[in-house]
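Below: the structure, in structure tokens.
A, B, ... follow the sequence lines: proteins, then strands. Residue 1 opens every chain.
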Number of protein chains: 2
Amino acid sequence: MKAGERAYTVLRDDILNWRLAPGTPLAEIEQAERIGVSRTPVREALARLIAEGLVESRGRVDSVAAFSTDHLVELFEFREALETQAARLAARRRDPEVFRSLRDEFQLAAAKSSVDESERDAFYALVARFDAAVDRSVDNRYLTNALTGLRTHLVRARRLSRDNPERLARAAAEHLLITEAILAQDETLAVQATAVHLHSSLVNVMATLRQTEPQPA
Amino acid sequence: MKAGERAYTVLRDDILNWRLAPGTPLAEIEQAERIGVSRTPVREALARLIAEGLVESRGRVDSVAAFSTDHLVELFEFREALETQAARLAARRRDPEVFRSLRDEFQLAAAKSSVDESERDAFYALVARFDAAVDRSVDNRYLTNALTGLRTHLVRARRLSRDNPERLARAAAEHLLITEAILAQDETLAVQATAVHLHSSLVNVMATLRQTEPQPA
DNA sequence: TTCACCGTCAATGTATACAATGGAGTTCCA
DNA sequence: TGGAACTCCATTGTATACATTGACGGTGAA
């Protein structure tokens, strides 16, 4: 693997998994030594991370981008813009076969009253396949690009909340509705079901946060 | 000015103004010599341009990103996602004073049946101030960031079409409606007026294109 | 004691030397 | 004659030396 890629992967992974906390300064030499490459690929990696919004360049020092409740709300407003449009376009252009099969899978998941811990990863994988199917249907490089960047930030956000089994089952039901709307080429319903899902999702995260950290610093 | 900034500015400017045509390969050494800096800042500039989507990295060669009619349509689908959401949030949070003053200005521009060549730059400047006011009202870093990137691509797209005086006057009327909706905090109307504006805008560009280039390569 | 100036230094910014890589052309074999 | 492999070369990838800059602390004078 090329050094630049390595530096990027390591730093990105550390940031997404909160091993590098928001605000942590990222000095070139220090990171270069830690990762085991020279400053040049580190600079390249930092440039990419800044462009993605995972690193902030304040003055001369780069540091891990902040992430607070405010960020979360803003992220979901942005997400609403992208995902409702994606749902609309997917409904317009979807391949029926793909979404029929996704519908069947979401039906199975939604039939349960809760999604067990052991099935959690499988459910996330299903959602990821749904996202990929939407991307392919939408077939719009600008939108897909933006969605990819958005999902990166959502990975970081996920660590803030806790998806319990009941929430996952409800999420499955919400995805089922969106999938059905896309399959039926009902653009309006696809948009609105997506908005509903995002609302529930944000409410759940915020509730979790209030539970976990009653007193934010 | 720092060399990296210089390289970025020069390349970006050349791409946006079509002095570097889509598909033009951007070899590091060649560009470094042309701009008068070393390869390092050129690499940094290219990285930023790739992140912005103005340069594509196909295999080992970077080249100016393609831009076709397809891209234009996709760009406007993306634009619809961002700008309708921006309009909604701006309507929710706007400072009345700011939009009252913008409304008055758009009223003046829309009152004319056509916006003269000499007033064109002034009108674009007005739209830019409108965009800035929306950004400030929306107050969402992710959305604002995405909008900034979008506008960059729109600058490049503008060179494809020709805004005639009648179109500009209609654009003023459309902006007036959006501004009024935001001022009235009518989120639904703000969204829909924005969608209407984008539709008209795209129709105009496409018509211009068919006129200019009846036979696309 | 306080403030302004200056020197030191640690960090980033830039250039360049060197390594690795991938592609084009050529040669040789089947 | 077709194609496979090899060689050469141009270009990118990486490391590092050197330049620049901005911050901090110390020293001096008011």
Side-chain angles (χ1 to χ4, degrees), chain A residues 1-16 19-67 141 145 148-149 152, chain B residues 1-16 19-67 141 145 148-149 152:
Chain A
M1 185 191 258
K2 282 187 290 194
E5 198 64 20
R6 210 160 91 78
Y8 172 72
T9 305
V10 169
L11 283 171
R12 185 176 187 277
D13 205 57
D14 285 344
I15 293 171
L16 291 185
R19 284 189 294 274
L20 289 171
T24 307
L26 300 171
E28 291 178 6
I29 296 174
E30 182 189 338
Q31 294 304 318
E33 286 173 354
R34 184 172 77 93
I35 298 168
V37 298
S38 79
R39 281 176 54 212
T40 308
V42 170
R43 286 177 71 85
E44 186 200 318
L46 287 175
R48 288 173 67 182
L49 292 166
I50 288 169
E52 268 184 286
L54 289 177
V55 170
E56 288 168 344
S57 183
R58 295 191 315 264
R60 254 161 69 112
V61 294
D62 298 335
S63 47
V64 178
F67 200 85
R141 50 207 115 192
N145 244 352
T148 301
T152 299
Chain B
M1 184 190 258
K2 281 187 291 194
E5 198 65 19
R6 210 159 91 78
Y8 171 73
T9 305
V10 169
L11 284 170
R12 185 174 187 277
D13 205 57
D14 285 344
I15 293 171
L16 292 185
R19 284 189 294 273
L20 288 171
T24 306
L26 299 172
E28 291 178 5
I29 298 174
E30 182 190 338
Q31 294 304 319
E33 286 173 354
R34 183 172 77 93
I35 298 168
V37 298
S38 79
R39 282 175 55 212
T40 308
V42 169
R43 287 176 71 85
E44 186 201 316
L46 287 174
R48 289 172 67 181
L49 292 166
I50 289 170
E52 269 185 287
L54 289 177
V55 169
E56 287 169 344
S57 183
R58 294 191 315 265
R60 252 162 72 108
V61 293
D62 299 335
S63 46
V64 179
F67 201 85
R141 48 207 119 192
N145 244 352
T148 302
T152 299

Completion exercise
Rounded to the nearest 0.5 Å, the CZ atom of A:Arg141 sits from the OG1 atom of A:Thr148 at a distance of 14.0 Å
Fill in the blank from the handout: Here the gap from B:Thr24 atom OG1 to B:Asp62 atom CG, rounded to the nearest 0.5 Å, amounts to 12.5 Å
Exercise for the section: State, with a plain yes or no, whether a side-chain heavy atom of B:Thr9 is found less than 4.5 Å away from one of B:Arg6. Expected result: no
Practice task
Report yes if some heavy atom in the side chain of A:Arg19 is under 4.5 Å from a heavy atom in the side chain of A:Asp13; otherwise report no.
Solution key: yes
Heavy atoms only: give me the nearest [X]-[Y] pair and the separation to one decimal.
| X | Y | answer |
| --- | --- | --- |
| A:Pro25 | A:Ser63 | CA-CB, 3.8 Å |
| B:Leu46 | B:Leu26 | CD2-CD1, 3.9 Å |
| B:Thr152 | B:Leu54 | CG2-CD1, 3.7 Å |
| B:Ala65 | B:Gly53 | CB-O, 3.4 Å |
| A:Pro22 | A:Ala66 | CB-CA, 3.8 Å |
| A:Ala45 | A:Gly4 | CB-O, 4.3 Å |

Are any protein N/O atoms closer than 3.5 Å to N/O atoms in nucleotides 19-25 of chain D? If there are, list each pair with its distance.
unit_1 : atom_1 : unit_2  : atom_2 : d
D:dT21 : O2     : A:Arg60 : NH2    : 3.3

Practice task
Name the nucleic acid region contacted by B:Gly59, choosing base, sugar-phosphate or nothing; use a 4.0 angstrom heavy-atom cut-off, strictly under.
Solution key: nothing
Handout entry: Ion pair B:Glu5/B:Arg12, N-O distance below 4.0 Å
Key = no
Sequence neighbours left out, cut at 3.5 Å: what donor-acceptor pairs do the side chains of residues 32-39 of chain B make with other protein atoms?
unit_1  : atom_1 : unit_2  : atom_2 : d
B:Arg34 : NE     : B:Gln31 : OE1    : 2.9
B:Arg34 : NH1    : B:Asp14 : OD2    : 2.9
B:Arg34 : NH2    : B:Asp14 : OD2    : 2.9
B:Arg34 : NH2    : B:Gln31 : OE1    : 3.0
B:Ser38 : OG     : B:Thr40 : N      : 3.4
B:Arg39 : NE     : B:Glu28 : OE1    : 2.9
B:Arg39 : NH2    : B:Glu28 : OE1    : 2.9

Problem - Residues in ring-ring contact (aromatic ring centres under 6.0 Å, His included) contact with B:Tyr8, at least two apart in sequence or another chain - result: none
Practice task
Name every residue in residues 37-56 of chain A that has at least one heavy atom under 4.0 Å from any atom of DNA chain D, in order of residue number, or write none if there are no such residues.
Solution key: A:Val37, A:Ser38, A:Arg39, A:Thr40, A:Pro41
Handout entry: chain B footprint on DNA chain C, 5' to 3' - any atom under 4.0 Å from a heavy atom
Key = C:dG13 to C:dG22
Practice task
Measure from CD on A:Glu28 to C1' on D:dT14 and round the result to the nearest Å.
Solution key: 14 Å
Fill in the blank from the handout: One would report the end-axis bend of the helix from C:dT1-D:dA30 to C:dA30-D:dT1, five pairs per end and rounded to 10 degrees, as 10°
